[in-house]
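Note on naming: letters A, B, ... go to the chains in the order of the sequence lines (proteins, then strands), and numbering restarts at 1 for each one.
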Amino acid sequence: MSKVRVRFAPSPTGGLHLGGVRTVLYNYLFAKKHNGDFIVRIEDTDQTRFVESAEQYIFDCLNWCGLEPDESVLHGGPYGPYRQSERKESYRQYAEQLVKDGYAYYAFDTKEELEKMREDLKTAENPSPQYDHTSRKKMKNSLTLTEAEVKDLLVNSTPHVIRIKMPENEVISFTDMIRGEISFETGLVDDKVLLKADGMPTYHLAVVVDDYLMKITHAFRGEEWLPSAPVHLLLWKYLGWQKDMPQWAHLPLILGPNGKLSKRDGAKYGFPVFAMNWADPKTNELTEGFKEKGFLPEAFINLLAVLGWNDGTEQELYSMPELIEKFSMDRVHVAGAKFDYEKAKWFNHEWIKKVKVSGLRFEVKNLLIKNRITVPDDSLLDKTIELVKDRCTLLPDFVQQSSFFFKTPEQLDVDAVKPKWSDEKRDFFIAYAEKLSGIGNWELGILEAAFKDLAAEKNIKPGELQLPLRIMLVGGKFGPPVFQIAELIGKNETIKRINNAMKQF
RNA sequence: GCCGCGUUGGUCAAGGGGUUAAGACGCCUCCCUUUCACGGAGGAAUCACGGGUUCGAAUCCCGUACGUGGUACCA
C-alpha cells in the first residue's frame, strides 16, 4: 500500500475557523497515525477574495496548535508549488483534455447572460435555476454553437470558461469513510465551471488535479463539499485516474447556538470562533481567537478532537500523542455538533491543572507584565502558579489570582469585613502583627499556629479572623489558603499589609 | 423549490434487536473548606413523531417533521 498522504487546503481569505482547525486536526491525526504525510496546500484561485496576510496567519495558527505540516509553501516538499496560483499553467491542459474527450465544453456566456437565464427560468418551484443539461441547450457554448463559431470565438480570445458536462441520467456513488455509501443523480447537479475566464481553475478542477499530482491518498473535508462530490468523482473518472482516487471522508459541521457557526456568533455570545486573533486588513475588524482568550493549545486541540469524535471509552482528556494513537475516522460522528463554550472552558481548566508549571510560566509572566505587574523572581512566580492554577479557567484568570503575590493590593474589599469588624479584632491584629515581627522561622505552620494560639488567648474564633486576614493580604474573597499566601509574600510584606489594611477598616 | 446529509437529556455523547439507556459539561442539593476553587456524595432524560418488521426496537424498514449543507467564473 502506498504511503498515506493527506492534505489541508485552506483558502487564504480570512480567519481560521474552529471547524477549519478541526479539519486540519483530523487530517493530521490520521496522517500521523498511519505514518503518513500531512500537506498544506493553499487554495488561492479566487483572486477577488484573496487576503494578503491570511496565508501567514494560517501557518501561525497551525504552529500554535502544534500541527506542523510535512509539506507546504513554508516547509517545501517534492510536490510543489503548494500554492495553486503558482500552478495556474498546469490546469488548462486537463480542462482542454476534457473538452476534447467530450466531458466538458467551452461556455462563452457573459455574466449578464447568466443572470438573465437565471431570471428567466426562475419560478416558484425552482427559485435557483442551474446551468445544467436542460438550460445549457439555450446558452452560448460549444455544445450549441457550430464548430466554426467556436473556433472563431476562441481565436479572437473571447472570454470563456470550461464547464463540465454532467451526464443527464446517471447515478454516481462512492463510499464515504464516515457515512458509508452515498449516491447522487448526475442530472440534478449543474455543469460546474472548471476553468474560469481568467485562466484559473475553480476548486473543482484544482482539487482533483492537485490531489492526483500530489498523490493524495485520503481526502478529508467539511460536509459542505458533499453536494459537489459527484463532480469530483466524475472528474477523477474522466481524467482516467480513477484507480488513484483518494478515499473520501466528509466531516460533520460545527454548529453555533443557532445553526451554522459564524464569526458573528462569537461576538454575539462572547466566545472565540477563530484559533487566533484575526485582524481583517480590509475592514480593520478584529475577531478574537482562542489563543488570546487564554486557551492552551493542548486544550484547544483536545476539545476540538472530541467534538465529533470519541474512542468509545470514557476518556475525555487526550494529549496529542494519545490522539494520534487512538484516532480513527470511522468513529467520527456523522451529525453536526453544537459548539458548547462552557465545556470548552472546562477543557482549558483541566489542562491548566494538568500542565506543568514550566508550561505556564511564559504565558502567565507575559500576562502579568501586560497588567503592569513586575515579576522580580521566577521562583516566586513558579510557586505562585502552582498555588493558584487550580482556580484558573482561562489564562487571564492568573492575573487576578496571582497579582497580590507581587504587589500590595490597591483596593480592599472593606465591605466584606466592616460589618463584623470590632475593637477586639483590631486588638487581635495589632497583637498578631507584633507577634509576627518576632518570628524568625517564617513558615506556614508557625504562622498558622501563632494565629490560632493568639485567637484562643483573645477568645475569638479563628474562623472569624480568617476572612479579615484574607482581605488584608489579598484584597478580596479569593485566592489560596491565607497562610500560604503570608508565607510566600514574606514577613515584612505581611505585616505591612495588616497594618495598612487596618487603617481602612 | 430541488438535491445531499443528519436527528439519544440544555450541550457533547456511549450503546447498533432483550441494558435499571453509560459517562462528561452545565444546573441543583449536600460533604470538605468558616475565601474562592480542587475533591467527594447525590438529583433531574423512555432515545423527534407516525407507521411497520419482530415474541421483543433507541437499535432494522418506510413515511412525516425538524435541522443543516448545497443549488456562484467562492472555497
Please determine whether a side-chain nitrogen or oxygen atom of A:T45 lies at a distance below 4.0 Å from atom OP1 or OP2 of B:A75. yes

Which of parallel (below 30°), tilted (30 to 60°) and perpendicular (above 60°) describes A:H218 and A:F220? tilted

What one-letter contact string describes nucleotides 28-37 of chain B from 5' to 3', where B marks a base within less than 4.0 Å of any protein heavy atom, S marks contact via sugar-phosphate atoms alone, and - marks no contact? ------BBBB

Hey, can you tell me if A:F339 and A:Y341 have their rings parallel, tilted or perpendicular (30° and 60° cut-offs)? tilted

Can a side chain N or O of A:N310 be found less than 4.0 Å away from OP1 or OP2 on B:A14? yes

A quick test of your reading: do over 12 heavy atoms of other residues, nucleotides or ligands sit less than 6.0 Å from CG of A:N169? no

For a quick test of reading the model: is some side-chain N or O of A:K345 closer than 4.0 Å to OP1 or OP2 of B:G26? no

Interatomic distance at C1', B:G67 relative to B:A48, whole Å: 11 Å

Looking at side-chain heavy atoms only, is the closest gap between A:K196 and A:D46 below 4.5 Å? yes

Is the distance between the ring centroids of A:W309 and A:Y318 less than 6.0 Å? yes

For A:F274 and A:F290, I'd like to know if the aromatic rings sit close, meaning centre-to-centre distance below 6.0 Å. no

Validate the cation-pi geometry between A:K354 and A:W351: distance from NZ or CZ to the six-membered ring centre under 6.0 Å, angle to the ring axis within 45°. yes

Taken to the nearest whole Å, NZ/A:K343 to C1'/B:C27 is 14 Å

Taking atom C1' in both B:U20 and B:A65, what distance in whole Å separates the two? 32 Å

Sugar-phosphate, base or nothing in reach of A:H333, heavy atoms under 4.0 Å: sugar-phosphate

Whole-Å P distance, B:U68 and B:C25: 28 Å

Pair A:Q504, A:K418: side-chain N/O donor-acceptor within cut-off below 3.5 Å: no

With heavy atoms under 4.0 Å as the rule, sort A:V207 into base, sugar-phosphate or nothing. nothing

Aromatic plane relationship, A:F108 with A:H160 - under 30° parallel, 30 to 60° tilted, over 60° perpendicular: tilted

Any-strand Watson-Crick or G-U partner of B:C27, both distances under 3.5 Å: B:G43

Taking the same atom, P, in B:U46 and in B:C32, what whole-Å distance lies between them? 34 Å

Summarise how protein sits on nucleotides 67-72 of chain B as a single string, 5' to 3': B when a protein heavy atom is under 4.0 Å from the base, S for sugar-phosphate-only contact, - for no contact. -SBSBS

B:G10, OP1 or OP2 - any side-chain N/O from A:K338 closer than 4.0 Å? no

Decide if atom NZ of A:K353 counts as having more than 12 heavy atoms of other residues, nucleotides or ligands within a radius under 6.0 Å. yes

So what does A:R221 touch, heavy atoms closer than 4.0 Å: a base, only the sugar-phosphate, or nothing? nothing

Using the P atom as the reference point in each nucleotide, state the distance between B:G51 and B:U59 in Å, no decimals. 14 Å

What contact category does A:L194 fall into here, base, sugar-phosphate, or nothing, at under 4.0 angstrom with non-hydrogen atoms? nothing

Regarding the side chain of A:E316, the nearest nucleotide among B:G4, B:A24, B:G1 is B:A24

Counting the atoms with a prime plus P, OP1 and OP2 as sugar-phosphate, which does A:A197 contact under 4.0 Å by heavy atoms, base, sugar-phosphate, or nothing? base

Determine the interatomic distance between C1' on B:C31 and the same-named atom on B:G23; round to the nearest Å. 23 Å

Which is true for A:G222 with a 4.0 Å heavy-atom rule: it touches a base, it touches only sugar-phosphate, or it touches nothing? nothing

Nucleotide nearest A:W346 (side chain, heavy atoms from C-beta), chosen from B:C25, B:G1, B:A22: B:C25

For B:C74, the Watson-Crick or wobble partner whose two distances fall under 3.5 Å: none

Selection from B:C74, B:C73, B:C12 that lies nearest to any side-chain heavy atom of A:L307: B:C12

B:A57 and B:C62: how far apart are their C1' atoms, nearest whole angstrom? 15 Å

When rounded to the nearest Å, what value does the distance between P atoms of B:U19 and B:U7 take? 22 Å

Within this structure, what is the CD1-to-C1' distance between A:I164 and B:C73, rounded to whole angstrom? 15 Å

Tell me: CG of A:N348 to C1' of B:C12, nearest whole Å? 17 Å

Under a 90° cut-off about 0 for the syn range, is B:C25 syn or anti? anti

Tell me if the centroids of the rings in A:Y203 and A:H232 come within less than 6.0 Å of each other. yes

With a 4.0 Å limit, can you tell me whether A:K196 has a side-chain N or O closer than that to the phosphate oxygens OP1/OP2 of B:A75? yes

